[in-house]
Amino acid sequence: MTDSKKAPARPALKAVRGTRDLLPDQTPLWNHVETTARNLFARYGFGEIRTPVFEATELFARGVGEETDIVSKEMFTWEDRARAASEKPQTLTLRPENTAGVVRAYIEHQFANSGALQKLYYIGPQFRRERPQRGRYRQFWQIGAEVIGPPSSGSESPLRDAEILEMLATLLDELGIRGWQLELNSVGSAQDRVHYNETLRAALQPIRSQLCADCQRRADTNPLRVLDCKVPEDQPLIDTLPRIADHISADSRAHFDAVRAALDACKVPYHLNPRLVRGLDYYTRTTFEFTVTTGLGTQNALLGGGRYDGLSEMLGGPRAPGIGFAIGEDRLILTLQAQQQEDARTSGAASANLLDAYIAPLTPAQNPAALALARELRAANLKIEVGDGSFKLRKSFETANSLARHIILLGEDEAGSELYTVKTFASGEQVKVPRANLPELLAGV
RNA sequence: GCGGCUAUAGUUCAGUGGCAGAACGCCGCUCUGUGGCAGCGGAUGUCGUGGGUUCGACCCCCACUGGCCGCCCCA
C-alpha cells in the first residue's frame with residue numbers, strides 16, 4: 001500500500017445520473033418478480049424474445065412517432081462510425097421502449113409467413129433521457145409482452161385484449177400488489193383518431209382562452225393530451241368536450257364492447273376512463289393503464305399498453321395487428337417495497353434471508369478441514385459460509401448469529417472424532433452429531 | 001427541459017462565521033472452546049465538487065454534480 005495522503009484528489013467515479021446499482025439486498029425481490037412473471041407468461045403460451053438494447057434511430061422515429069416526447073427529446077442517440085469511406089455513418093439509439101424492437105424482429109424473421117399468432121415477452125433495460133425522479137430513471141427495466149400476427153391468426157380478436165388484461169390482473173395479484181386499478185379506454189382506429197382530433201380541435205377553439213397555459217399549447221400541438229390535463233380548474237370545461245367514445249366507428253365500438261364483455265366474464269374489475277390517452281403514436285383502439293396508490297408518488301402508472309394495429313405496416317412490414325403492454329419493473333419493485341414497509345409497521349416482523357450454517361474453525365490449522373466441510377455441505381444444496389481460524393470464538397459467534405441459523409464448531413475436539421458441535425441460534429440448543437447427520441440437522445429449522 | 005428543496009461518519013440525522021457531533025452499526029476489553037443482554041473504551045470524516053466573500057467558511061454567496069418533490073411526459 002502507498003502512503004495515506006499522497007493521492008491527488010480526483011472526483012469519485014459514480015453511477016451516472018439516473019442510473020443505479022441494484023445491490024444484493026434488493027436483487028432477490030427483482031428475481032422473484034421476474035420469476036413470477038416468466039412462470040405466468042409460460043402458462044399463457046408466451047415465449048421469450050431478447051432484442052438488442054440499441055437499434056437504428058429510424059426504428060423509433062417511425063414506430064414510436066417523430067412528434068412524441070420520447071423521440072423528440074428523450075433518446076440517447078449517437079452517430080456510429082462508418083465502416084468504409086464510401087459508407088454513410090449510421091445513427092443509433094438506445095431503445096426507449098421495446099415494442100418497436102419486437103415488431104422489427106417479427107418482420108425481420110418473417111414470422112408472418114408462419115400464419116401463426118406470436119406471443120412474445122421480454123424483460124430488460126430501456127433508456128430515456130428524462131429528469132430522474134422517484135420511479136423514473138434513465139435506465140429502467142420493463143417487463144412486457146406482445147401478441148401479434150396476421151389478421152387470420154386472430155390477432156385482432158377482442159379476446160386477445162381481454163386475455164392480456166386478465167393476465168396482468170393475475171400477475172399483480174400473484175405478486176401481492178394491493179389496490180391496483182385498471183383504467184380502460186378505446187381511442188378508436190387510426191382513422192377514428194384523425195376524425196376525432198379534428199372534432200376536438202374545433203371544440204377547443206371557443207374555450208381555449210379559458211384553459212391553463214399548458215392546455216392552450218396542447219390545443220394546437222396535441223389536442224388529445226388536453227384530456228389528460230390534471231389542473232382542477234380545467235376539469236369542468238374538459239368534461240364538456242366531445243368524448244372519444246362517441247366518435248369511434250361502429251366496428252371499434254363493437255370491438256371495445258367485446259373486450260369489456262370478456263373482462264366481465266373473467267370478473268376482472270376495470271374503470272372506464274374516456275380521458276385515458278397514451279403518448280405513443282402507434283396505439284389504436286384498446287388502451288389501458290394499471291395504477292396504484294402506494295409508493296410511487298405522482299408516477300402512479302405501474303404499467304401501460306394498448307393495441308397497435310398499424311405498427312407493423314408503419315415499419316414496412318405486412319399487416320399485423322397486435323396488442324401489448326410494458327410493466328415498469330422499477331415501479332413494481334417500489335410498490336412492493338412500500339407495501340412491505342407498511343406490513344412491517346403493522347406486524348413488526350422482518351424476515352432475514354439467513355444461511356443454513358456458519359462453519360467456525362477454531363484455529364488456522366482447522367481452515368482446510370472447514371473448507372472441505374463447506375464444499376461437502378454446499379454440494380448437499382445447503383447455504384454455507386466459512387469463517388477463519390484466526391477469529392476469536394466470540395467474533396465467530398457474533399458473525400455466525402448475524403448470517404446463519406446454525407454454527408458448526410471445528411476445533412481440536414472435533415478433529416479427532418467424527419462428531420461435530422452444532423449450535424442452533426433460534427433455540428440455543430447445542431448438540432454433537434456425526435458428519436453424516438449434518439445435512440439433515442442443518443436443513444431443519 | 002422548467003421550478004422548488006437538499007447534500008455532514010458505514011447508516012439515519014443534529015450543528016455553529018472561530019477545535020467536527022449524537023444514535024445505530026463497526027472494532028477492542030470485561031469474557032483465552034460459546035453469540036444474543038449489559039458495562040467500559042476506541043476509530044469514524046477530502047462536512048458532494050470547484051470558485052468567491054472573510055483575519056478565519058461545514059456555516060454566507062455563485063457555479064457545477066447528485067438525490068428528492070412538483071411540472072412536462074411516461075413505465
Side-chain angles (χ1 to χ4, degrees), chain A residues 4-5 7-20 25 64 67-74 96-99 124-144 212-215 217-218 221-222 225 228-231 276-280 283 288-292 296-305 324-335 358 360-363 366 387 389 391-415 421-430:
Chain A
S4 54
K5 292 248 169 179
R10 271 194 219 161
L13 287 171
K14 305 200 293 193
V16 303
R17 183 175 172 77
T19 70
R20 61 205 179 122
D25 62 337
V64 177
E67 299 307 316
T68 61
D69 279 23
I70 292 175
V71 171
S72 64
K73 54 192 190 199
E74 294 174 2
E97 58 95 59
N98 218 331
T99 298
Q126 319 292 333
F127 307 85
R128 292 182 200 171
R129 202 179 179 292
E130 292 185 279
R131 180 107 154 216
Q133 212 176 103
R134 182 179 186 80
R136 191 165 71 191
Y137 307 98
R138 290 185 167 188
Q139 176 175 341
F140 60 102
W141 273 260
Q142 287 188 334
I143 301 174
C212 69
D214 280 334
C215 281
R217 179 179 48 78
R218 293 185 187 114
T221 58
N222 195 347
R225 295 233 67 93
D228 238 1
C229 176
K230 279 143 199 133
V231 177
L276 179 68
V277 175
R278 316 222 70 252
L280 281 57
Y283 284 121
F288 56 88
E289 247 174 42
F290 282 71
T291 59
V292 290
L296 290 182
T298 47
Q299 315 296 326
N300 69 340
L302 204 56
L303 68 94
F325 64 85
I327 303 169
E329 190 175 2
D330 306 77
R331 293 182 180 180
L332 196 59
I333 299 282
L334 281 172
T335 303
Y358 180 94
L362 297 188
T363 69
Q366 315 300 332
F391 292 171
K392 289 190 175 173
L393 189 59
R394 177 187 174 85
K395 174 175 174 151
S396 291
F397 264 88
E398 286 174 347
T399 307
N401 191 35
S402 69
L403 287 180
R405 292 155 45 228
H406 305 273
I407 185 169
I408 304 174
L409 299 182
L410 219 61
E412 290 182 13
D413 295 356
E414 287 79 9
T421 304
V422 179
K423 186 157 185 174
T424 304
F425 287 117
S427 62
E429 277 175 38
Q430 184 164 316

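Every chain is numbered from 1, with letters handed out A, B, ... down the list of sequences.
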Would you tabulate the pairs of protein nitrogen or oxygen atoms and nucleotide nitrogen or oxygen atoms of nucleotides 65-67 of chain B closer than 3.5 angstrom?
residue, atom, partner, partner atom, Å
B/G66, OP2, A/Arg17, NH1, 3.1
B/G67, OP1, A/Gly18, N, 3.0
B/G67, OP2, A/Arg17, NH1, 3.2

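With rounding to whole Å, A/Lys73 atom NZ is found 11 Å from B/C71 atom C1'. In this structure, A/Ile70 atom CD1 and B/C72 atom P are separated by 16 Å, rounded to whole Å. Between the CG atom of A/Asn98 and the P atom of B/A75 there is a distance of 12 Å, given to the nearest Å. Taking atom CG of A/Asn300 as the reference point, atom P of B/C69 lies 13 Å away to the nearest angstrom. Between the CZ atom of A/Phe127 and the P atom of B/A75 there is a distance of 16 Å, given to the nearest Å. One atom, CZ of A/Arg128, and another, P of B/C72, lie 17 Å apart when rounded to the nearest Å. Note: CG (A/Leu403) to P (B/G25) measures 16 Å, nearest angstrom. Note: CD (A/Glu74) to P (B/A75) measures 10 Å, nearest angstrom.
Using a 4.5 Å heavy-atom threshold, the side chains of A/Glu130 and A/Lys73 count as separate. Here the side chains of A/Thr421 and A/Asp413 are not in contact, with every heavy-atom distance at 4.5 Å or above. A/Tyr358 places none of its side-chain heavy atoms less than 4.5 Å from the side chain of A/Asn401. Under the 4.5 Å side-chain criterion, counting only non-hydrogen atoms from C-beta, A/Phe397 is in contact with A/Phe425.
Using a 4.0 Å heavy-atom distance criterion, A/Leu303 is classed as a sugar-phosphate-only contact. A/Glu289 comes within 4.0 angstrom of no nucleic acid atom, judged by non-hydrogen atoms across all strands. Residue contacts shown for A/Gln366 are absent, as no nucleic acid heavy atom lies under 4.0 Å away. The residue A/Gly304 sits close only to the backbone: its heavy atoms come under 4.0 Å of sugar-phosphate atoms, none of a base. A/Tyr137 comes within 4.0 angstrom of a base, heavy atoms only. Nucleic acid contact for A/Ile143: none, since no nucleic acid atom lies under 4.0 Å from a heavy atom of the residue. Residue contacts shown for A/Gly144 are absent, as no nucleic acid heavy atom lies under 4.0 Å away. Within 4.0 Å (heavy atoms only), A/Glu130 reaches at least one base atom of the nucleic acid. As judged by a 4.0 angstrom heavy-atom cut-off over every strand, A/Asp413 is placed among the base-contacting residues.
Side chain of A/Arg136 to main chain of A/Arg131: a donor-acceptor pair is present (N/O by atom type, distance under 3.5 Å, no hydrogens or angles). Checked by atom type and distance alone, the side chain of A/Arg331 pairs as donor or acceptor with a backbone atom of A/Gly135 at under 3.5 Å.
For A/Ala415 against A/Gln366, the heavy-atom pair with the smallest separation is CB-OE1, 4.0 Å.
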Watson-Crick or G-U pairs under 3.5 Å in RNA chain B, rendered as dot-bracket with [ ] for crossing pairs and | for another strand: (((((((..((((....[..)))).(((((.......))))).....(((((..]....))))))))))))....
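Map A/Ile327 and A/Arg129 each onto its nearest nucleotide of RNA chain B; the residue landing nearer the 5' end is A/Arg129. Summary of the strand contacts: A/Phe290 and A/Lys395 both lie near RNA chain B, and taking for each the nucleotide with the nearest heavy atom, the more 5' one is attributed to A/Lys395.
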Protein-to-nucleotide contact annotation, 5' to 3' order, nucleotides 34-39 of chain B [B base; S sugar-phosphate only; - none; under 4.0 Å, heavy atom]: BBB-B-
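For B/G1 and B/A9, the P atoms lie 29 Å apart once the distance is rounded to whole Å. Nucleotides B/C58 and B/G48 are separated by 10 Å at their P atoms, to the nearest Å.
Distance check, rounded to the nearest 0.5 Å: CG of A/Leu409 to CG of A/Leu393 gives 6.0 Å.
Side-chain atoms of A/Arg331 and base atoms of B/C74 include a donor and an acceptor less than 3.5 Å apart.
In this structure, A/Gln133 reaches the B/G70 phosphate: one of its side-chain N or O atoms is under 4.0 Å from OP1 or OP2.
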